[in-house]
Amino acid sequence: MEKKTVLKVENLVKHFPIRAGVFRRIVGWVKAVDGVSFEVYEGETLGLVGESGCGKTTVGMTLLRLYEPTSGRIIVEDEDTTYYFMPALRARNYIKKTYLDRFEKLYREKKDGALEELDGVDKKYYEIFLKEGRSGLYRYLVSNIPDKRRSFRRNVQIIFQDPYSSLDPRMRVKNIVAEGIKAHGLAQGEEVIKRVSELLTGVGIIPEHMYRFPHEFSGGQRQRIGIARALALQPKVVIADEAVAALDVSIRSQIINLMEELQERHKLTYIFISHDLSVVKHVSDRIAVMYLGKMVELAPKKELFENPLHPYTVALMSAIPIPDPNKRNKKRIILQGDVPSPINPPKGCRFHTRCPVAKEICSEKEPPLVEVKPGHFVACHFPGSLKWNS
Amino acid sequence: MTAYIIRRLLLLPLILFGITLIIFGMMQLLGPDKLLAAYVDPNTFNKLSNEELEALKEKYGLNDPMVVRYAKWLNGVLHGDLGWSVVGKMPVKDALLQRIPYTAELALYAVFPVVGIGIWLGMVAAVHRDKFIDHAIRIFAVVGWSFPDFVFGLFVLMVFYSWLGWLPPGNLSLWADEIVRSPQFHHYTHILTIDSLLNGRFDIFWDDLRHLIGPIMTISWLWWAYLLRITRSSMLEVLNKEYIRTARAKGLDERVVINKHAKRNAMIPVTTVGGAMVINLFAGTVIVEVIFNRTGLGRFTASAATQLDYAAIMGSALFYSTILVLGNLIIDVLYAVIDPRIRLG
Amino acid sequence: MMSVNREPILQVKNLKTYFYTEDGVVRAVDGVSFELYPGETLGIVGESGSGKSVTSLSIMRLLDEKGKIESGEIIFKGRDLLKLPEHEMRKIRGNEIAMIFQEPMVALNPVYTIGDQIMEAIMLHQGADEKKAREMAVDLLRRVGIPEPEKRVDQYPHQLSGGMRQRAMIAMALSCRPSILIADEPTTALDVTIQAQILDLMKELQEEYGMALIMITHDMGVIAEIADRVAVMYAGHIVEYGEVHEIFKRPRHPYTYGLLSSIPRLDVEQEKLKSIPGTVPDPLNFPTGCRFHPRCEFAEDRCREEEPEMVEVLPDHYSRCFFWKKLEGLEVK
């Protein structure tokens, strides 16, 4: 069966300015995410794993447009959503540069023939361009921006890490969950209460408790409320940013199980962001490993664990303490040193400063992310050269 | 660090320039007729004909475009000429120089109770949290914080002057004033408390002190109560920090834990807030000098403002701003000295 | 594993530490007993509110003013620490028993240099002068794997990375060659690759210094990695206590069993995670009877009414459960 792509990220870049001095001049950039591309298929869970500073959370925030991407494209369900939240002028420039001017040039060179080399949104938009002309495509893209924004917000939701600070302490649970329903006009009056009860029941909260405040619930229950809030708009994609990291071990598995149940019931697509490879392994269908703003490896779960190719992936796997004292004496790969600063990432391969198998070329040339096997991508000059037996 | 200070110093003229622009602009809202009042004796002002008024405006350049007038004024300032003060009946510069020592004396002495008592009591209260002494200090602070300074000033006058006769208003007693003005009295520093000691006149020193205590109590009261509260909460926060536990876990004496590890960290927020307050003491002198009938910059500014003494207002505003900006610079430097995270980035 | 000398260096007997808060009495540690033998590593594992950190702070007598040690004995080298006057206790802290904390970010004083903070303990307990103490501090920093120790010694905590700060903390704790090191979640705030470095370092140093280690953590993986014996804490009690392989292989308390089966694992395939239902109990209001009974799949009426005692279910393996036999034959894979 052909997998349907719900979300596609192309060459996503997010740099944060560092300001200093009296005039707050920009003195440098934190290259939090530096050219990341991936697709998310309908109904799957894509795990995004990496250590602090690898950019995994920034990817999530940028997808949600809580941060404006520096460059790159974010495509949701065959529509380019990148410009939805840009100021009007920037959006216009973006559309002009990304589509109008490019298509005009293509048309001059190849006319209709260009269709064959395009795919996805490009193809779709080029067809409109052929049919309705430059101004027609422009109108198509910029019309009803507020509606487009709203539908984007409906389709993509987030579950935050900290169930303590992500719920407004002065709002009753009912209002926290109902806020989105009302804002998007999904229900009115009595209907709203009914929806909220259903949602709360769905996440294992007694609906009678909807008039309570967040502080009356435990951490795990709060995270359930956070999930109910995210699901209130019936989103297609849910970004879970360290959603279980702040929870106690015995509660963590409850929430993981709940999220899996809900995925099945509501046909959800998850992007599961976590620093914990064990959790990511449990929930994900495919896993992307990030290091210092780059994606170093992306593969289906089974493939990744059976055949990890990037030295960083291997080291990460070996570093995790296994809850079995019999496996204590297995040889670990201990990476030396700290993660370099994303302000001044190393030249060449960003991992070469800590890589046990780095060679000269690694410090000179940056390895591209290439598909070495169907569905298995890795960015390394010497994939598979670091071995480790678990 | 040095580069930081130099950068801030270079910025200083720029800020002052901005301030003069604002003050000058505001004064212009009065219009040339009102401004003219600053140049003419009010008794003759009403008797002047329109032609004479126009002629005077022309003479003082009040009909020139604002830019020209500002340039003239600024040029004067740069050459030490701040204009003529109607209230002081002398050049503004001289009027200011004459009064600054009085106010500086008042404000500087007020720093001691504010910083000393405020910070010290705040620390004591925090260390003895929820004990009797903490409650006592806090009640003291709440009372202080809820008194407006002018009410408190009147209260001080009533009790210590009217009833007890200990603390008289004004700058000096008449007899002392005569001696101070006589040529035998040498003005080394223009700060009277110091000069009187240098002249060996302990009676004058004592007289000066009696006149100072009331005003100092009045301006500092509100502020040290405030600083106390800030210090207490800052100290309490620091005492709950993990590095305090680390220090205790090392086996350090509780005195060392408090004096070495806690106090310096607690001073970081106190410096910012407290510093700004000390600067504000200068501003506080306006009310206090009026209540206690003291000669000084504050009272001078107050009367200049009520009588639209335009040059004097500009002059004192410039002086106050300079103090403010310099004070802020000192705070920032102090801040960097205490906190290596600022110093080393 | 080293041979264990059977004379304990530290004995905690029936320790009760309560906190008197505005909302009521929190019985954070409620009758905890264990022994620590020279050179061994005891892992104390539990979730938030289980009392594991309070236990360690009670040993050091570093509780805040709301916390009070109600009863019990803490025998260290033949002396009851709870009966020592404060000035005697200070000679033990940092000298004979040292401690490192979870967040190296906040556990180091931001306004003093690393060197200054290490030297402080050396000068205090060993009477070294400043020059000597400084040399020792540089040596310690080098020993814990901090590059350019001569330069780092004069740096402030914010100039070091998280991993380096934790190394500095360890250097500080080891400065007086303590016989016991208490590590309270020392790697929780660190990235996994850095955690691996720090755990390795701690194992190495423990062997070199011959000290006993109390490792407090919520992470079963860390326990399996480093502990010789384990105490599992739940709601102010130790619910299971024994040798590490035993506990992981044959848990005899339903909580331990549930915990071990609910963690996602890298090394084995799991279909669906087993989970412990309910929530971690509110320390102000612990359930009556066995404190785990509301979440326990094996609970019977007796568990609701009567509080179970610690029983030796296997040699040197203790469980606080009436029905530990129900867990026989159940194994965590």
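These numbers come from a predicted model, not from an experiment. Residue numbers start from 1 in every chain, and the chains themselves are labelled A, B, ... in the order their sequence lines are given, proteins ahead of strands.
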Atom of C:Val153, atom of C:Ala137 and distance for their closest heavy-atom approach: CG2-CB, 4.2 Å
B:Ile268, part contacting chain C, at a heavy-atom distance under 4.5 Å: side chain
Part of C:Leu57 lying under 4.5 Å from any heavy atom of chain B: side chain
Contacting moiety of C:Met105, where chain B heavy atoms sit under 4.5 Å: neither
When C:Leu124, C:Ile100, C:Asp64, C:Thr113 are compared by non-hydrogen pairs under 4.5 Å with chain B, the top option: C:Leu124
Pairwise distance SG(C:Cys176) to CG(C:Asn95) - rounded to 0.5 angstrom: 5.0 Å
Region of C:Leu108 that comes under 4.5 Å of a non-hydrogen atom in chain B: backbone
Under 4.5 Å from any heavy atom of chain B - which part of C:Ala98: neither
Under 4.5 Å from any heavy atom of chain C - which part of B:Val256: side chain
Main-chain N/O of B:Tyr335 paired with B:Asp339 side-chain donor or acceptor, under 3.5 Å: no
Shortest non-hydrogen contact between B:Glu289 and B:Gly296, atoms and distance: OE1-C, 3.2 Å
C:Gln117 to C:Met172 - nearest heavy-atom pair and separation: O-SD, 3.6 Å
Option that, when pairs with chain B are counted at under 4.5 Å, heavy atom only, ranks first among C:Lys91, C:Glu103, C:Glu120, C:Glu86: C:Glu120
C:His125, part contacting chain B, at a heavy-atom distance under 4.5 Å: side chain
Side chain / backbone / both / neither for C:Met89 at chain B, heavy atoms under 4.5 Å: neither
Part of C:Glu65 within contact of chain B (heavy atom distance under 4.5 Å): side chain
Shortest non-hydrogen separation from B:Ile216 to B:Ala110 and the atoms involved: CG2-CA, 3.9 Å
Under 3.5 Å side-chain donor-acceptor pair for B:Glu105 and B:Thr193: yes
Residue B:Asp130 versus chain C: region with a heavy atom under 4.5 Å: neither
Pick from C:Pro178, C:Gly94, C:Ala121, C:Pro110 with the largest number of heavy-atom pairs that fall under 4.5 Å of chain B: C:Pro110
Criterion side chain to side chain donor-acceptor pair (under 3.5 Å) against C:Thr187, the qualifying member of C:Gln166, C:Gln195, C:Gln102: C:Gln195
Of C:Ile214, C:Leu181, C:Leu81, the residue whose pairing with C:Ile97 passes side-chain contact (heavy atoms from CB on, under 4.5 Å): C:Leu81
